[in-house]
Undergrad: 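Quick one: structure below, then a few questions.
As a basis for the values below, the full set of heavy atoms in this structure was taken, side chains included, without hydrogen atoms, waters or symmetry mates.
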Amino acid sequence: MNLELIGLRAPARRLRPVAAGPFALLSLVVALLPIRPAGLWLAAVIACYALPWLLGLWERRPGRWRLSARGLEHLAADGTVVEAYELSRVEEFAVTADDGVLTIFHRFGATVAGPLAEMGFDLLSFYITARRLGITTHVIDGDRSLFEDDGLPQEDEAPRALGRRTEQRLRDQEAALLAVAHEPRTASRTDTGRLATTTTGRRRTTALGVLVTLLSLTMVTRIALESGVAFGGRLMGGLWALVGGVAMMTARRRRLRSAPLSWTIMPSELRIRHATVGEWRVRGGAVAAAVVGPGTAIDPVSGRPAADQTVVTLFGHRLEVLARLPAHGLDAFQLTHALDERGYHVVTPDQAVPRPSEYGLAGLPEIFSRVPGGRLVVDDDGIGWADGAGDVILRMPRDRIGGMELLTVDGHAWLRMYDDEGDEFLAAPLSMLRISRTDLRDAARRVQLPITDAEYDAYVNAAFYGSMTHLETAEPAKEKPKKTLPEARLDVPTRTRALAYAVTATLCELVAVLGSLWLRADLGGFWPALAWSAPSGLVLGLAGAWLYDRNRPQLRVSALGISSVTRLGRTEWSVTRQALGGVGIDEAEAPRLVVWSPAGRVLRRVSFPPDLTELRRACERHGLPWGPPDAGHGAAPPPEL
């Protein structure tokens, strides 16, 4: 079987400037130089605009990587092999999950090939193709420092086990692809589905950038004709040149970033068109499965492969990669269901695995059965397994415990435990652990371990509601229509905002005074220079502080949860009420406002300090818990369920 995986490359040659940002700063530096005559000065400034585009004409088209039966090869633009790692000489591939760096192990040592995203590969397709070619491939949790000499254990230390949770998830996806590779397609809908990204203000931004660039060139030309090479004229010309370069660069980036992307999904064919990257057409019968999730796509601005959070990878019936399609800006939920409804088998990385109601005891440590009279104990150091004399034989430190959950399975109380990374490592009935539900819950909450008992909380709420109903009057008043509490938006205190404005304006005034001292000889003395620099510095400082202040994040508290939104309405992050465990101050590293999960894990850290009193009142008013989870549960709970 002829398997090969070709790395991504820009499908068409497009004119792209090289180092546009440094050349924009260079135009300011060139404009300040006393170049004579004025025509030569003007030509030097305009050359800083043209050189990035000329260098873009001379830039060579990048090559691509290929993984095939010959091994891993780096091909030039004309197809010649630049570097090659033959398959017979490769012993193992290792990819670090955090940074995606590929390390090649051979009999003479190890070689770092580079990040997979920059090579044009995505982790899933590379892992599957390498395994089908017979290359041992491992995905290690962590970054490249795991293989460095400084990160290796000493000779007298026991070897450390490398985590491979990411590799297990890839194996699950591979198994899902194998399961659906030859399943018949059943389309519940035969109509054509169309999804597209919304582009707002793309043409206006481009036109504004072009107009500002033309205005800058006009002003530079006018300064060169009127002021000659005087320092004041050179300074204004340099500022106009810098503004023009930044405007042109911003308009181009905005135009490429907001290029429209459209998907046309039919049971017989997929049509995808990106305005700046390319166009794809894939026959539906050749597609065995589509994987929607993180991957590698072409960056519209740089034209090079880069990691992206939403990419659709199409696999054939032999698990060959048919296409890697961009989906940035599309709603992954809508895209996944549109593909599934039209007969395409869809696999997602976070696809839920059905969990059976019956748990086996295979995951329990062997020491549980070997220790006579063993039982589970809870103390300040964590959770341990103690023998009949009370000596702890095995202990799980509290910093490794990510959460504990009490539940009922087939009428018996069970304990489910998670580590600090959210993975389940223990599930057992409390009868095997020789501890009651009430004792475990009380002991864990007493030492502030993250534990949840949904059934117990529901019982307490029901008991409280039942006791409150008896206190109602015999003839209740007419029910009034419920009014939804308006959401509360919390900002930083007014004093903090005023202080930020004052500090910014003071710094700008300090720069203006220093500039007046430096330019006093060219502008007729210190006081004339200060007369125009001081108001300019004040205006620039206040304008900059206002631009930052107009889009500063705020906390939005409502009955649905808590979120961070900007003053312009953009949501930065959101935590729903069901996933919220508490809001308060974390004193672990530095006093900072955080949002906890019900298991006690920190979900979000708030970077700005709102008014804590108003925040607490808003949380209490909308029913959101204030403080860490399980805080203030000192009273004994009702009898066990």
Side-chain angles (χ1 to χ4, degrees), residues 20-32 48 200-201 204-217 219-220 223 231-255 257-258 301 489-520 523 526-555 564-573 606-611:
F23 273 99
L25 294 176
L26 183 62
S27 65
L28 175 60
V29 176
V30 171
L32 294 177
C48 295
T200 58
R204 292 194 298 269
T205 305
T206 304
L208 181 61
V210 172
L211 290 177
V212 172
T213 304
L214 294 178
L215 177 62
S216 302
L217 292 176
M219 294 301 297
V220 170
I223 291 172
F231 180 80
R234 296 200 308 269
L235 179 60
M236 294 302 299
L239 294 177
W240 275 111
L242 179 62
V243 169
V246 172
M248 180 175 60
M249 184 170 53
T250 304
R252 174 182 173 273
R253 182 177 294 271
R254 167 68 174 172
R255 176 180 173 274
R257 286 290 183 191
S258 60
V301 178
R489 289 209 177 189
L490 303 175
D491 205 342
V492 296
T494 306
R495 183 177 179 181
T496 305
R497 296 177 59 188
L499 182 61
Y501 273 88
V503 170
T504 305
T506 302
L507 290 177
C508 291
E509 286 298 310
L510 180 60
V511 173
V513 173
L514 294 177
S516 301
L517 291 174
W518 181 42
L519 304 176
R520 58 186 177 184
L523 299 177
F526 171 75
W527 294 109
L530 185 64
W532 64 267
S533 63
S536 301
L538 180 61
V539 171
L540 290 176
L542 295 178
W546 176 79
L547 287 175
Y548 172 76
D549 186 71
R550 67 189 294 264
N551 198 27
R552 190 183 61 257
Q554 298 176 328
L555 276 182
S564 175
V565 297
T566 62
R567 297 172 67 90
L568 298 180
R570 181 172 59 88
T571 302
E572 294 185 341
W573 54 264
V606 181
S607 58
F608 56 93
D611 190 343

Undergrad: Under a 4.5 Å cut-off applied to non-hydrogen side-chain atoms, are L208 and V212 in contact?
TA: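 SC-SC contact between L208 and V212 confirmed.
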Undergrad: How close do A241 and V220 get, counting heavy atoms only, and between which atoms?
TA: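 In terms of heavy atoms, the two residues are closest at N-CG2, 4.0 Å.
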Undergrad: What is the distance from atom OG1 of T205 to atom CZ of R255, rounded to the nearest 0.5 Å?
TA: 12.5 Å
Undergrad: By side chain to side chain contact (heavy atoms under 4.5 Å, CB included), which residues pair with L26, not counting sequence neighbours?
TA: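 In terms of side chain to side chain contact (heavy atoms under 4.5 Å, CB included), with neighbours along the sequence ignored, L26 is linked to F23, V30, C48.
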Undergrad: Going by side chain to side chain contact (heavy atoms under 4.5 Å, CB included), name the residues that satisfy it together with A505, two or more places apart in sequence or in a different chain.
TA: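 Side chain to side chain contact (heavy atoms under 4.5 Å, CB included) check on A505 returns L538, L542.
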Undergrad: Side-chain contact test, heavy atoms from C-beta onward, threshold under 4.5 Å: evaluate it for R497 versus D491 and give yes or no.
TA: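 They are in contact (side-chain heavy atoms under 4.5 Å apart), so the answer is yes.
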Undergrad: How close do V301 and R257 get, counting heavy atoms only, and between which atoms?
TA: CG2-NE, 3.4 Å
Undergrad: How close do A31 and G238 get, counting heavy atoms only, and between which atoms?
TA: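 A31 and G238 have their closest heavy atoms at CB-CA, 3.3 Å.
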Undergrad: Taking all atoms of both residues into account, what is the closest heavy-atom pair of G244 and T213, and its distance?
TA: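 Heavy-atom minimum between the residues: O-OG1, 3.4 Å.
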Undergrad: A20: what forms a side chain to side chain contact (heavy atoms under 4.5 Å, CB included) with it, not counting sequence neighbours?
TA: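 Side chain to side chain contact (heavy atoms under 4.5 Å, CB included) list for A20, sorted by chain: P17, M249.
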Undergrad: Rounded to the nearest 0.5 Å, what separates atom CE in M236 from atom CD1 in I223?
TA: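 Answer for the CE-CD1 pair, M236 versus I223, is 6.0 Å.
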Undergrad: If you take all heavy atoms of R234 and L32, which pair is closest and at what distance?
TA: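 Shortest heavy-atom separation between R234 and L32 comes out as NE-O, 3.1 Å.
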Undergrad: Quick one: CZ on R253 to OG on S258, what's the gap to the nearest 0.5 Å?
TA: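 Atom-to-atom, R253:CZ and S258:OG are 12.0 Å apart.
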Undergrad: Hey, does the side chain of S27 reach the backbone of A24 with a donor-acceptor pair shorter than 3.5 angstrom?
TA: yes
Undergrad: Quick one: are M219 and L215 in side-chain contact, heavy atoms under 4.5 Å?
TA: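 Yes, at least one pair of side-chain atoms sits under 4.5 Å.
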Undergrad: For the residue pair W546 and Y501, what are the closest heavy atoms and their distance?
TA: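 Looks like CA-OH, 3.5 Å.
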